[in-house]
Amino acid sequence: MPKVLLLGGTTEASALAGLLAGSGVDTTLSYAGRTASPRAQPVPVRVGGFGGADGLADWLRENRVTHLIDATHPFAATMSANAVAAARLAGTPLIALTRPAWAPQQGDRWSHVADVGAAVSGLAGPARRIMLALGRMHVAEFVAQPQHHYLLRFVDAPEAAPPLPRHSLVVDRGPFTVEGDIRLMREHAIEVVVCKNAGGTGAQAKLAAARELGLPVTMIDRPAIPERHEVHDPADVLQWLDHAAASIAERGV
Ligand code: 3Y8
Ligand code: NAP
């Protein structure tokens, strides 16, 4: 029977963990340990880095993992690159469960930028009120544009105050709602929204809210990730595992 390591941290990874648990597949879900109390899962969880691609390859061998599933966030580019390298090193089949990138709809006012740095330099100019929906890890880069008032949203309350001179902080984990995000943007008189092209449903509310309020969105495009077998539907992952289980049974290993 397959023994799966599921690299998680997204809504889709949590949904897949539920399907794997329901199908009785021996699965361990892995979190980086970025948040204080990650969502409880219906499968055993491990938390923390592996120590690069070599560390992950060792983990795969030592735990006799037969299949690696990368269901991490599209901006978790280092983890995904490590998964490709480790799967090759350990000879472990790898599949990625990803969500399609968001595309602008009628009424959207998006401008695309390549990365967080480009989003920062794109904010040069007179002070405005900006919703920075990027979480905690990239806030310091926006000190280069201190003139704005920033609305920050973190999963956990930070130990130290964010380094931006003018900011409001909301502590809330998603998935978010359109009504909630409209209310939040109105309360803070937001003029611009800055976000990542995360895709999926958990972070999408702010796009509909911005559209409703006619606000411009700075959309940070996804980082490059090495080629790998990639699907968007959790059912395709289960099918991939079924084929694998059948071939393991045939080979009698
Ligand atoms: C630790 C696991 C679930 C998964 C929920 C999804 C939806 C809610 C929306 C906004 C955007 C942001 C941020 C966000 C969303 C889901 C999903 C998603 C964006 C948790 C989680 C972990 C993380 C890490 C965290 C990052 C931060 C990014 C906040 C759990 C809740 C901005 C990304 O404080 C920190 O250090 C946070 C770091 C990486 C990005 C950043 O740069 O700060 N996610 N988010 C995972 C781990 O330890 O391995 O705590 O339960 C997961 C989710 N976050 O099962 O319910 O699927 O995308 N997460 C972005 O998309 O732009 C918030 O505010 O509108
Ligand atoms: P990252 O920059 O690609 O990864 C940096 C390092 O963190 C990795 O090299 C690895 O350490 C460790 N790591 C990352 N994900 C891990 C996991 N699932 N299990 C074990 N170790 C992990 O990743 P990130 O952008 O910091 O994201 C961290 C986690 O948050 C991921 O699980 C991701 O799915 C989730 N998340 C991220 C975002 C985002 O915007 N980036 C949004 C929502 C959720 P070692 O090299 O030591 O193995």
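Every number for a ligand or one of its atoms is a count from 1 in the order of the listing. Please read all numbers here as calculations on a predicted model, not as lab measurements.
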Enquirer: Hey, looking at atom 16 (C) of ligand 1, which of Leu7, Thr11, Leu29, Thr35 has the closest heavy atom?
Expert: Thr11
Enquirer: Please state which protein non-hydrogen atom is closest to atom 23 (O) of ligand 2 and give its distance, to 0.1 Å?
Expert: Ala76 CB, 3.5 Å
Enquirer: Yes or no: does Asn82 have any heavy atom under 4.0 Å from an atom of ligand 2?
Expert: yes
Enquirer: Could you check atom 30 (O) of ligand 2 against the protein and tell me its nearest heavy-atom contact, residue, atom and distance included?
Expert: Arg34 CG, 4.3 Å
Enquirer: Is it the case that ligand 1 has an N or O less than 3.5 angstrom from some N or O of Leu134?
Expert: yes
Enquirer: Give yes or no for whether the N/O distance cutoff of 3.5 Å, strictly under, is met between Arg173 and ligand 1.
Expert: yes
Enquirer: When you measure from atom 10 (C) of ligand 2 to each heavy atom in Met79, His138, His73, which option holds the nearest one?
Expert: Met79
Enquirer: Considering non-hydrogen atoms of the protein only, which is the closest contact for atom 44 (C) of ligand 2, and what is the distance?
Expert: Gly9 O, 3.0 Å
Enquirer: Short list, please: which atoms of ligand 2 are under 4.0 Å from a heavy atom of Ser30?
Expert: 17 (C), 18 (N), 19 (N), 20 (C)
Enquirer: Near Arg46, which atoms of ligand 2 are under 4.0 Å from a heavy atom of that residue?
Expert: 20 (C)
Enquirer: Quick check: does any side chain N or O of Trp102 sit under 3.5 Å from a backbone N or O of Gly200, one acting as donor and the other as acceptor?
Expert: yes
Enquirer: Which atoms of ligand 2 sit under 4.0 Å from any heavy atom of Thr72?
Expert: 34 (O)
Enquirer: Quick check: His73 and ligand 1, any N/O pair under 3.5 Å apart?
Expert: yes
Enquirer: Around atom 40 (O) of ligand 2, find the nearest protein heavy atom and jot down its residue, atom name and distance.
Expert: Lys196 NZ, 2.5 Å
Enquirer: Write out the residue and atom name of the closest protein heavy atom to atom 21 (N) of ligand 2, then the distance separating them to 0.1 Å.
Expert: Gly48 O, 3.4 Å
Enquirer: Keeping the roles fixed (side chain from Arg46, backbone from Leu5), state whether a donor-acceptor pair exists under 3.5 Å.
Expert: no
Enquirer: So for ligand 1, is Met131 a polar contact partner (N or O within less than 3.5 Å, distance only)?
Expert: no
Enquirer: Could you tell me whether Ala203 and ligand 1 have an N or O pair separated by under 3.5 Å?
Expert: no
Enquirer: Does ligand 2 have an atom under 4.0 Å from some heavy atom of Gly55?
Expert: no
Enquirer: Check contact between Gly200 and ligand 1, using heavy atoms of the residue and a distance below 4.0 angstrom.
Expert: no
Enquirer: Using a 3.5 Å cut-off on N or O atoms only, is Ser37 in polar contact with ligand 1?
Expert: no
Enquirer: For Ala203, state whether at least one heavy atom is located under 4.0 Å from any atom of ligand 2.
Expert: no
Enquirer: Purely on distance, is any nitrogen or oxygen of Ala198 under 3.5 Å from one on ligand 1?
Expert: no
Enquirer: Identify the closest protein heavy atom to atom 12 (C) of ligand 2: which residue and atom is it, and at what distance?
Expert: Ala32 CB, 4.1 Å
Enquirer: Note the single closest protein heavy atom to atom 2 (O) of ligand 2, along with its residue, its atom name and the distance in Å.
Expert: Thr78 OG1, 4.0 Å
Enquirer: Can you list the atoms of ligand 2 that are under 4.0 Å from a heavy atom of Met137?
Expert: 25 (O), 26 (O)
Enquirer: Run the numbers for me: atoms of ligand 2, each under 4.0 Å from some heavy atom of Gly52, listed by number.
Expert: 45 (P), 46 (O), 47 (O), 48 (O)
